[in-house]
2 protein chains.
Amino acid sequence: MVDPRRFPSLLAIRAFEAAARLGSFARAAQELDTTAASVSYHVRRLEEQIGVRLFARHPQRVELTEPGQLVAHEAINAFAALRASFIRAADVDETRLSLTTLPTLGTSWLTPKLGRFRAKHPEIALDLELSPDAQDLSTGHFDAAIRNGHGRWAGLRTTELLPSIFMPLCAPALKDAAAGIADPRHPLDVPLLGRSDWWALWYRTRGFDDVVLHGRFGTHLSAEYLDIAAAIAGHGIAIGSPILFRNEIESGRLVPAHDAVASDGRAFWFTFPIARQYSRKIASFREWLCDEASDDRDAARHYIRRTVIVEP
Amino acid sequence: MVDPRRFPSLLAIRAFEAAARLGSFARAAQELDTTAASVSYHVRRLEEQIGVRLFARHPQRVELTEPGQLVAHEAINAFAALRASFIRAADVDETRLSLTTLPTLGTSWLTPKLGRFRAKHPEIALDLELSPDAQDLSTGHFDAAIRNGHGRWAGLRTTELLPSIFMPLCAPALKDAAAGIADPRHPLDVPLLGRSDWWALWYRTRGFDDVVLHGRFGTHLSAEYLDIAAAIAGHGIAIGSPILFRNEIESGRLVPAHDAVASDGRAFWFTFPIARQYSRKIASFREWLCDEASDDRDAARHYIRRTVIVEP
DNA sequence: GGTCGACCATAAGTCTGCCTTATGCTGAGG
DNA sequence: CCTCAGCATAAGGCAGACTTATGGTCGACC
C-alpha cells in the first residue's frame, strides 16, 4: 500500500534500479561503488515501503516479480531520462552566454568587436548587460562579468584584460587651445570633461597635489564614453582611456591633449564563479577576449609604458 | 559538465523537482516536510554537480533558467512515473495470490472450495503450490502458506484454521471387520494404513503405550489423502482427519471405524509475513478461508469435542 | 565426496552527509 | 519606519547509509 504522502527512499529506488537493470545485487553494488550488503538492504527497504515483493530470491540469483518488472521499467526509464536531461541542460547552457560589463567598456570597446566573436563561435549567443555597478554573479543571472578593480573577488576566477589608464583627449581642433593644460595655474579656454577624481590623479602625476578645478571643470556625464563623445564634438577636453578609444584616436577624431598617462592601479578583468570553471562557453569567450585584449595592449604599448601609477 | 560515472544526489534532485514544480523553495520545504535551508542547500548542490544554473535567484522568489526548465520537465515526469509505478505494482500484486500448502489439505480440503472463493473474489487469481515441507516465505515466491504446527513462526502472522485431529476411517463394507481395532492384542483381518506415528498416538489414547504393529500395519503412502483413497477402495483402515474428509464421510464412502478421536496438539494455520499485513488480497483470502474453516469446525464439533490430545 | 567460489541475507557498529538551527539580507506592504 | 516573507550561508548534531563480519545455499570442479 503506497502512502501518498511518503515517497520511498530514493537511495532504495536507485539500488533497485541498478539491480533490476543488471539482474544482480553484486553487479549493482559494483556499478554503484558500494557493497552487495548495502544493495540488499536497500532493495528490502523499498519492498517494505511499497508493500510489494519486487524480487524473488534464489540461492545465487534474484528474479524480478511481475510487479517488480513494472517498477523496474519505470525506474530505468526515469533515471535514463534524468541523466539525459542533465546532459541536455548542460548543452543548452553552453549555447548562451550572459555577460555583465561596464557601460563604456561594453559600448566602446567590446561591442565593436563582437562580430569577430560571432564569426569565431557561431554556436554561442551572447547576452550583454551594461551596468555601472558590479552585478552579483551568485544569483545565476549572469555567467560572467568584465569588471574594473584589483581582481580580488571571493569565489571568482579572474583574468586581467587591460590596465585602467587615462589621459587628456580632445578633438584635433582643440589641440592648440589645450596647450596649457599641464599647469593648473594657467587659464584655459576650454572646459575639462569627465571624472574629477581622474583629473585630480592626473595632475598629481604632474606634481600638483590637491588641485582645485573650479574654473576649469565642465561636467561629467554618466559614463566615460559620453564624456568622450562630448570631447569629439568639441565641447572640451575629456579624460579617458587611450586603449578603450583606440579606434577614435586612430581615425583622427580624437587626439591626446597631453602626453602624460596616469593610472590608479586598477585594471579591467574578465571574471566568473569558480563553480563554472568547466563551462566550455566561458572558456571559449575568455580565450577570444584575451586575444582581443592582447592586441589592444600591444597597440597601446607606448601609452602603457609611459603610465604613472598613483594611489587614490 | 556531467560526469557519466557520478549521478547527482537523488535528494538534491528531489528537492529541485519540488521547488521547480511549486516555484518556491519555501513551499517545496513544506511539501517535503523539511526546511527551506535544506532545499536551498540541495538545489545549490545539484547545480554544482551538473555545472549548470537551474534557478535564477531573486530577493523573494526564484525563477527557472532555460536549462532549469528542461531538467524540471524531466524530473517532474520521472517522479510522477515512479509514483504511478508503485501504485500500479501494488495493484498488480493484489490480483494474484500465491499460496503454498500441504498436499492433503490442498487436494482434499481447499481445492473443492475454490469455486466459492473465485465467485466471491473474481479479481484475485490463486496460484496453489502443494508441498509436504514448509516453504520459506521470505524468498518472495509465495504470499502466504497454510501450515501444520503450533503456529509460532518468527516474522509471520498466523491464524488458526482447523485442529489437527485423526481417527480410524474405512469403507462401510469394512466396518464389521474393523470391530476389534481398539484392542491391539486381538487379531485383525484388515491392515492399518497411514502414518504409524499417528496410530501409535491413537492407541496411546486407548491406554496402550508402546504398541507394536508388526502384524497389523499395512503401508503409508506419501500423503494422507492417498491413504484415505486406499481405504475408500477397501484396502484397509486408514487414520486421518474427519474434518478434512468431511465430504467423503457425509457421502457415505467413508465411515469411522471407531469413535475415539486423537490429536498431537497441532493445528492447521494460515500464515503470512508480517511485512505483508496491509495486503488486501491476503486479507480477503484470509477472511474467506476463516469462514470456510469455521463452517467445517461446526460440522465437526462432535468429533472435536471427543478429541484426546496426546503429546508426541 | 570434498573444496572453493559466487552470491544472496542479516547483525552490529561506524561515520558522514543530511538536516536543523541561527543568522543575515532584500524587498514588499502597511 | 517596522514587520514579514523568502531567499542564502555557516556551524554543528545525529540518524540513516554504509561497512565489516558472518552464515547459508548452490554449482562447478577435482
Side-chain angles (χ1 to χ4, degrees), chain A residues 6-16 18-20 22-49 53-65 68 133-141 154-156 273-275, chain B residues 6-16 18-20 22-49 53-65 68 133 135-141 154-155 273-275:
Chain A
R6 301 205 71 80
F7 201 81
S9 157
L10 290 164
L11 282 164
I13 297 169
R14 184 82 207 283
F16 168 75
L22 299 167
S24 155
F25 285 10
R27 266 184 274 139
Q30 228 172 359
E31 182 183 279
L32 299 175
D33 197 26
T34 186
T35 61
S38 177
V39 173
S40 177
Y41 167 78
H42 279 300
V43 171
R44 176 74 70 180
R45 270 192 69 220
L46 180 60
E47 286 174 328
E48 284 166 10
Q49 281 164 347
R53 279 276 179 247
L54 301 172
F55 279 111
R57 272 69 161 183
H58 300 279
Q60 286 185 35
R61 62 186 186 90
V62 290
E63 179 181 25
L64 280 168
T65 61
D133 306 313
Q135 296 295 304
D136 180 3
L137 291 186
S138 71
T139 63
H141 297 277
L156 304 183
I274 292 172
Chain B
R6 302 204 70 78
F7 199 80
S9 156
L10 289 163
L11 282 163
I13 299 170
R14 184 80 207 283
F16 168 75
L22 300 167
S24 156
F25 286 8
R27 266 184 273 136
Q30 229 173 357
E31 183 183 278
L32 299 175
D33 198 24
T34 186
T35 61
S38 177
V39 172
S40 177
Y41 168 77
H42 280 301
V43 171
R44 176 75 70 182
R45 268 191 73 220
L46 180 60
E47 285 175 325
E48 283 165 9
Q49 282 165 347
R53 279 277 182 248
L54 302 172
F55 278 112
R57 271 73 162 181
H58 301 279
Q60 286 187 38
R61 63 185 186 92
V62 289
E63 179 182 22
L64 279 168
T65 61
D133 306 314
Q135 296 295 306
D136 181 4
L137 292 186
S138 71
T139 63
H141 298 279
I274 291 174

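The chains referred to below are lettered A, B, ... by the order of the sequence lines, with proteins before strands, and numbering in each begins at 1.
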**Study point:** Start and end of chain B contact along DNA chain D [non-hydrogen atoms, under 4.0 Å]
**Key:** D:dA5 to D:dT9
Practice item. With heavy atoms under 4.0 Å as the rule, sort A:Arg14 into base, sugar-phosphate or nothing. Key: nothing
Study note, to complete from the structure: When every non-hydrogen atom of B:Gly68 is compared with those of B:Phe16, the smallest separation belongs to O-CZ, 3.5 Å
Review point. How far apart are the closest heavy atoms of B:Ala56 and B:Thr65, and which atoms are they?
Key: N-CG2, 3.9 Å
Exercise for review: Could you pull out the closest heavy-atom pair between B:Glu47 and B:Leu54, with the gap in Å?
Suggested key: OE2-N, 2.9 Å
Check nucleotides 6-9 of chain C against the protein and report each pair of N or O atoms closer than 3.5 Å, with its distance, or say if there are none.
from  : atom 1 : to      : atom 2 : distance (Å)
C:dC8 : OP1    : A:Ser24 : OG     : 3.2
C:dC8 : OP1    : A:Phe25 : N      : 3.1
C:dC8 : OP2    : A:Ala26 : N      : 3.0
C:dA9 : OP1    : A:Arg57 : NE     : 2.6
C:dA9 : OP2    : A:Ser40 : OG     : 2.3

Review point. Side chain of B:Glu63, backbone of B:His58: donor and acceptor closer than 3.5 Å?
Key: no
Check your understanding: Does the B:Arg27 side chain pair with the main chain of B:Leu22, one donor and one acceptor, at a distance under 3.5 Å?
Key -> yes
Check your understanding: So, is B:Ser9 close to the C:dG17 phosphate, meaning a side-chain N or O under 4.0 Å from OP1 or OP2?
Key -> no
Practice item. Quickly work out the A:Asp136 CG to C:dG24 P distance and round it to whole Å. Key: 19 Å
**Study point:** Stepwise side chain to side chain contact (heavy atoms under 4.5 Å, CB included) check, A:Leu64 with A:Phe55
**Key:** CA-CA 4 Å; A:Leu64 280 168; A:Phe55 279 111; 3.5 Å; yes
Review point. Hey, does A:Thr35 reach any base, or is it just sugar-phosphate, or nothing, if we go heavy atoms under 4.0 Å?
Key: base
**Study point:** Non-hydrogen atoms of B:Ala19 and B:Ala28 that approach each other most closely
**Key:** N-CB, 3.5 Å
Exercise for review: Considering just the side-chain nitrogens and oxygens of B:His42, establish if one lies under 4.0 Å of OP1 or OP2 belonging to C:dG17.
Suggested key: no
Review point. For the residue pair B:Ala29 and B:Thr35, what are the closest heavy atoms and their distance?
Key: CB-C, 3.4 Å
